[in-house]
Every structure is written in structure tokens, then in C-alpha cells.
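The structure under discussion appears below in the form of C-alpha cells.
Chain naming here is simple, since letters A, B, ... match the order of the sequence lines and numbering starts at 1 in each.
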Amino acid sequence: MSLSSHIKDHQKEKEVFFSRIVISSLIGIGLIGIVILRLIQLQVIEYDFFSDRAHGNRINIRATLPSRGIIYDRNGKILAENKASFQLVVIPEQIDEIEETLNKLANLNLISPKDINSINNEINRSQKFKPVTIRSSLDDKEMATFAANMPNFPGVNLQPRLIRHYPQNEYTSHVVGYIGAISKNDLNRLNRTAYDPNEKIGKTGTELFNEKRLHGSPGFYQYIANARGREIPINSNSIFLDDTPSTPGSNIYLTIDLQLQKLATELLDGRKGAVVAVDPNNGEILTLVSSPAYNPNLFANNLTENEYRKLQSNKDQPLFNRAVLGTYSPGSTIKPIIGLAALQIGATNLNLRHICRGFYSLPGNTHRYRDWLHTGHGSINLHTAISQSCDVYFYEISNKVGIDVMHEYLTSFGLGEKTNIELAGERIGLVPSTEWKRTMFSKAEDKRWYPGETVIASIGQGYMLATPLQLAVSTAALAMRGKRFQTNLVLAHEDPLDQIKEHQEIVELDAIKIDNQKHWEEVISAMQNVMQGNGTARNVGKDAPYRMAGKSGTVQVISIGQEEEYDEDNIEEKFRDHALFISFAPTESPKIAVSVIIENGQSGSQVAAPIAKAIMDKYLGY
Amino acid sequence: MVNMKIKTQEISLDINNNFNLIKYDGPLMILISITCLLGIFILYSASNESLDVLNRQIFRIFIAFTAMMLVSQIPTEVLRKLSPWGYIGGIILLSMVLWLGEFGQGAQRWLNLGIRFQPSEIMKLSVPMMIAWYLHEKRLPPTGKELIVIMVLVIIPGLLIARQPDLGTSLLVIAAGLMVVFLSGIPFRYIFSLIILCIPSSLLLWKFMKDYQRQRVLTLINPDTDPLGAGYNIIQSKIAMGSGGIFGKGWTNGSQVQLEFLPEKNTDFIFAVVGEEFGLLGVLTILTLYILIIGRGLYIASNASDLYGRLLAGSISLTFFVYVFVNTAMVIGLMPIVGIPLPLISYGGTSMVTLMIGFGMLMSINSNRKLVAKK
């Protein structure tokens, strides 16, 4: 037994071994079977799924940016265009000694030595095959310098790109606006799919208001990229890549007349103020100037933080569009409208006279409402009250008209409501009424409307506020004897591909109801006398070869005490009166209506009126 | 099958008659050559048509073939007698690695004694040689005492290699040793109890695993939880495989490979290159070649003249199967990513030489049988 247990049984060993080989083979076949089943699952059953994933892996999409629409004035002068600008880019993987290359570029004054560190950081952060911009907007001289030295700079390239250019600089900044990088706020309101993150977007003015039209829509092109995002040139026709071209934005023709715009800017000469001119026959804005202005090209060229802060903190507020956003007491410029309202409701007639002693007091009250002419105008009718701008006459009739009737007529001329001009942020201004006061104030005594408030409202003081644009629009309605048009800043837009111009529709608004045509003519004739008769601005228009009508306004910035004298020489500039003037011409068939405001300009008839006259001269060809 | 067997025998006998001095196995030689040749084409595409990579790989194949031919000339008896010395030497070298080894990629696997090599590779062969040597004069199946000795012989190098750490190679070395035990006819009740033992020990293993090793296991279970991190490899390799379809995208046309989405495409994931560019048909072709090689190996084992030859040849063949299965299963997401290359095709020198030496031993065992038969 013990012996046999030690004797090896070769035959049995062989049989056992062979059976083990068979078992191993069976297990092996089973395992390989699992592998093959899995392969069939991946490569046959789920082939479509993985094929799509492989496709998605390598196909990347890049946006092709649309070219932005060009902005023209009404005569086709360019106000905003796209200009090629060249920038220097480096492709890190093509440069052996980046440090040395940057130093050599700095020696040629193409980059600033200060920037080398930050450029180096940028290069280290980005992928080696992606171009890094190291300098933007090279001028002609710098481009020539680089071109001459280009062979010494492998891996450094000039790259063109389009930047927005505003050839009229300050002249049109508040009308045209500017574009800038897309901000978080922009992202919330715009259609994200229509923008590439690197694009710029309208920030103010027409650029903002007509963003959708100017922008067009970006296209897309697909490219093949490897695992690290590097674009791979296509060497096989079997790959179908889908390209969608971009649609360029529409060109826009503004109603603005560049010549007039320039003239108005030059006449304002940097003083704080605004000039708005309207064609009364169709509501087209001919001029819209806010002064001082800024150079929009600063924004297009990526102005620095510092430059922006300087513009923002400038106390003259060059970024603020006074013509549309600035609200001022309209002062005496509303007297023609108050006069028309009084005539319409019978609060006065063309012959009724009041005696002006230089002040007015409400019955049973000693408070004196002063006239600007302390000596008084004597016995005058409405015509003279308008041409001489007598305040007392309007004080006398104010409470017969009543604030709510004033509100009704001022509103029907477009004051206190939006003109709906194609610019963002337009202010409504304010035309007070008893209703308004009741809802605006909380205390019972504040909710009441007082007769004294009606008195000062009749000469456009007190709560009343209007924008220069509103004044121009209401003047246009005066000029047209009550016929009104929707304000237009856009004349037409043009498809850049087929060059078909589509003109903006002219919309006539409800006419102002003044029943007696004589009333219109009388008030307008009084306004003509302002400029060409014996009125406040008679020196301005007396020699003109055409008939013009106007009305001055000089508005207090601070209130003067009952017994104090207003002494312009002794008063700080920012407290001096605002000078206002509205006018239109020719009187019989008006072609232009203008409003002018000069902050702290002191006298509407002497400071603002000449500007209005000069603009009318130019527009009418004199 | 039977027909083929007879045919191949005739061929090998024919050749042997003409070149008596050089001993080799014709069928194995042809299968290995075809696989290596296909491997060169696959690697050319996988390496983005790098001639540099190709030249080095061809040189390695040449070295490996030379080694195979040299080993196949050694009589099996000499191999057997060398077995314990090879084992002891290997253990010494492995210990040296832990003291003196060079670091690379977070592990200490290389030893530089004039030539730079991984001693763990030696153990892939010397462990099964040692066990076969230990068992060849014992009465089979081995007794419990003998099994304990075998376990110690297997565990020592296994632990030394796991310490480097090189979990993949450690498991392969242990597997190679256990293959011998299995082939020696160990009763199935032992095998089942071993499998049951595996459960607590795998929990123990989990405790001792490095973070990256655990991550591999976790990622296998759900690769999509970390698509750009640990799961990236498996996801990209499945995309490559699946998008290849039945016929593949064509040589050098695989987008996953050429655009470098597929990681480790020259080495561990080269099977996915085959799958993407040659499709299911290409993958099945490669698998068929492997099955034929393993089949030939098992044939040689079954017909070996002595127990040592039988056990060693069987172990070498079955270990080769483990390589193939683990790598392919890993690439298609059936197993965790363990750094095991696809035999004969992946880029890399050491494993190629070890494999070929193993084939050389198979050839030696085969020649020994014929020698005995002639006598």
C-alpha cells in the first residue's frame, strides 16, 4: 500500500493533466465568448451610439461673426463703420525663445516692456498652438516696422480684425452711441445663441437701440479637433462638415443731417446743453446734439479703466445725453401753448388786456409773483404778452385756465410723454396736474393742489420738466398748427446684400384740437415778433430773409428771495439761469423746428436764440 | 481539428529533418510571426505613423525572437535543473528592487545592473518553473503539506512584486504559479475553498490597495461618473471600439486614435485601435491568432514527455491566455484597468522578451518530446 502510493502512475497523471487542459480550454472558450459577445454589443448593437460619440468628440463648432451694419446720416455720410485693425499675435509653439522674442519686440517699441510679464503669463496659461494677442491696433508706422523685421520673428504674426470706427468722433456720439464687450447684464437680455462671447454689442445710442438690426446673425463652421482642441486640417472627403454662413447686419440711415449736427456741436462749443432739430412735416430728427460729448472711438478701441473713470467722473457729464435724458423746466417756452389753451377755453381772448406792474398777487394774499421785467409791461394783450414774454399776463389768466386744462393741452403737444424716439432711456419729463399731485404725495396737505402752483406752472416753472427733445417736438406741433407726427430717428434700413432700402413709415398722430384757426395764427405771429418784431429776441432774426418764429425761456436754477435781486455777475456759474429757446421756420410753411438749451447760459433770447437761428439758416440754405 | 493536427505535425517533422541542428516549432513560429507582423502595422497607426516607435519595436521583436530561438535550443532537462536557481535568483533580484530599484511613474520596478530590466518579468516564468520542478517527482495530486509549500513559493514573489507596487504583474505571477497547481490535478474541493477564501482576502486586498488602484475598480463599475478623470480612458476606449463597427474605419483612419482621444493607444489600449480601425472583423482575427497560439501551446503541453514539461508548457499557455483575456476585457470595459499590455502587439520591450522566452520553452519542450519519441 505504502509502496504503491509512492509509485508514480504516469498514465493516470497524464489523464488527469489532459482533463485539466480540457477544463481550462472550456473555461477559456467561455471567457473569450464573453469578450466576443461584448464586442458584438459595442461594435454592432451600439455602433450608432458610439459612432455619434466619436463624431461629437472630434467635430467642434466655431462661430463666424457677422459684419455689423453701417450707420449713415440722411445724406449717406458714414457715422459708424467697420475698419480693419491689425494686431500682433504669437503662436507659442512656433517660438523657441519667447522671452527673447518679446524683448526684441519691445526694443522695436512694438510692445511695452511693462507688458512682457503679463504677456508671458498669458502665454503660459494658454495652449501652445493657440495664438495669443500681444498687442492690438497697430498704427501704420508700427505695421511698417514690424513688416520690415518680420523675418526675425518666426511665430509672430500680424492678424487683421474688424473694429468699429466712428469717423465723426464727438459730433455724433450721443446719437450713434458705441459698442463694447458683452457684459453680464447684456447676457441676461439678449438671445445668447445669436452671439459669440468675443463679439461686441451696442451699449448706447443707435448702436444699442438698433442692436438687433445692426448685428445680423452669426454663422457657424465645423472643424475637426483633436483631444486637446487643436484644429486638424481635413484630409479626407468622407467627413461631411456643415457650414452656415453669417448674415451681415442691416445698414441704417439716420434722419440726422451731419452738417447740421456739426454746426450745432460747434455752436454749443463744449458748453453744457443740447440742440434738437425736427422736420415738422414728418417727425424726422435732423439734429440731436448733447454737449459736451465724448469720442466713441475710445470705447471701440477698448478704453482703459482709467480713461473710463475719467469720463464718468467728469462733472460736465460728457456721457450723459442731455437731449433725451436731461429734464429742464421749460420756462417761458410753453407760453404759446398756455395762450392757445386759454384762447380755446375762453379764459382770455385776443383783445383782452391785463395790466402788468412787474408782479402779481393772488387775491387775498400778499405773496408777490414777480415778472422778469421789474418795471412791468403795462397794459398788454396776449400777443404782446407772448412776444415780450410777460409773466404777469399769464399769472392773471392762470387760475382761469386751471392746472388740469394746462395739463391737457401741454400733453397734447407731447410734453410729459415719451416721443418714442429710437434711443434708449428717454425721459418722460413732467407735466403736473391735480391728479398727479394726489397720487404722488402721501401727506394730505401735500396732495392738495394750490392756486399758487398754478400761477408758476403757467410760465413753465415749478414741477414742470421737459427734455430738449420734447421741446423740439412740441414746437414742431406748434409750427404745423396742431398737426403731429411720430418722432423718427431712423430714416431707412438697408439690406447690405441686395442693397434694398426700406424706409421707415411716417406716422401721423392725433392732431391738437384748437378750433379757431385765427388763434394759431395770432400765437404764431406773436412768436414771429419775438424774433423779428419787438420781442425778446428781435435782434436775432430782424435781418433774416425768411420769416421765423420763436420763444425764449430763461429758467431759474435757484429761487431768489422776495426782495433779492438776481445779479448774474455775483452768482456762481452752476447757479446761473438756464437759457432756453424754441423756434421754427419758415413761419408760413415750416420746414424745421429747433430747441436749444444751454445750462447756466443765463439768457434764452441772447444766448440760445442765435444758435437756433444759425441752424435754421443753414438748413434753409441762407 | 484532427486533420490540422496531423498536417502541422508533418510540416514540423519535414522541417526538422532538413535542419536538425536548429530546434523550433513551425506552427508556433508562423502564428507568432503573423501576430507580430500585424502588430507592427497596428502600432504604426497607433503611434500616429511614427517611424521612430516602429524602428524600436522592430528591434525589440528581433531581440525577442533571438531570445526565443536561443531558449528553444536548451534541452528541457537543463531548464528543469536550472528552475530552483532561477527562482532563488529572481527572489534576490526582487528584493534588490525594493532596496535599490529605480523609480518611475510612482512605482519602483526597474533594476539597473548594466542592463535595465524588471526582475518581476523573470518571475512570470521562474515561478511556474519552480512549482513544476517542485512537483515533477511528487506523486500527484499534491498533498496538503505540499500545497502549503507551493503557496509559500507563490506568495513570496507575489508580495514582493505587489510591494513595488505592481498589482497587475503580481497577480499574473501568482496566476502562473496557480496554473501549475491546477494542472497538477489538485482536487476541485481545494479550488472551491480557494475561491471562497478569495472573498475575505479581496476585502483585505481592498484595504491595502492604493487610491489609484481603488479608483480603477470604482471607475469600471460606472465610468460615466468621472468622464474627464478616471473614467476617461474606459469611455474613450469604448467609443473607439464601438465606432469601429463591423469593418472598421480603415488603417490610420480612426478618429479616436489619430486625434488622440484614445489614451495609452500604443500600449495598454492598442486593442481599441484594432477595434476602431479594423472593426469587429479585425478584432476577431487577432483573437483567432491568439486562440491558435494558445491551442498549439496546450497541444505541446498535452504531448510533453515528462511531468515538468507538461506542467510548464500548460502554465505558459494558460498564462498567455490570461494576458489576452485581461487586456481585451479591460479595453472593452469588462474588467478594471490593470496595466497589462496586449501580448505581442503592444509597444514595449520587457514583456515581449519574457513572452518569447516562454514560447522558446514551449518549443524546447516540444523538441524534447520528439527526441524521446525518436529514441
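Residues A/R20 and B/F188 share a closest heavy-atom pair of NH2-CE1, 3.6 Å. Residues A/S51 and B/S243 come closest through the heavy atom pair CA-CB, 3.7 Å. The minimum heavy-atom distance between A/V16 and B/G185, with the atom names listed, is CG1-CA, 3.5 Å. Heavy-atom minimum distance, A/E13 versus B/L307: OE1-CD2, 3.9 Å.
Rounding to the nearest 0.5 Å places CD of A/Q43 at 10.0 Å from CD of B/E276.
The shortest distance between side-chain heavy atoms of A/E46 and B/K238 does not fall below 4.5 Å. You'll find the side chain of A/F50 stays beyond 4.5 Å of the side chain of B/M241, heavy atoms only.
For B/F321, the part lying near chain A is the side chain, with the backbone staying farther off; criterion is any non-hydrogen pair under 4.5 Å. With a threshold of 4.5 angstrom between heavy atoms, B/I246 approaches chain A through its backbone and through its side chain. Of the atoms belonging to A/K14, heavy atoms from both backbone and side chain fall under 4.5 Å from chain B. Contacts of B/S302 with chain A are made by both backbone and side-chain atoms, with heavy-atom separations under 4.5 Å. A/F18 touches chain B through its side chain: at least one heavy atom from C-beta onward sits under 4.5 Å away, while N, CA, C and O do not. For B/Q256, the part lying near chain A is the side chain, with the backbone staying farther off; criterion is any non-hydrogen pair under 4.5 Å.
Interface summary for chain A: among B/P141, B/A301, B/G244, the most heavy-atom pairs under 4.5 angstrom belong to B/A301.
Heavy atoms of other residues, nucleotides or ligands lying less than 6.0 angstrom from CG of A/N121 number more than 12.
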Using distance only, find each side-chain donor-acceptor pair of residues 279-292 of chain B under 3.5 Å and give its atom names and separation, not counting sequence neighbours.
residue: B/T285; atom: OG1; partner: B/L281; partner atom: O; Å: 2.7
residue: B/T288; atom: OG1; partner: B/L284; partner atom: O; Å: 2.6
residue: B/Y290; atom: OH; partner: B/P343; partner atom: O; Å: 2.5

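For residues 23-41 of chain A, the interface with chain B (any heavy-atom pair closer than 4.5 Å) comprises A/I23, A/S24, A/S25, A/G28, A/L31, A/I32, A/I34, A/V35, A/I36, A/R38, A/L39, A/I40, sorted by residue number.
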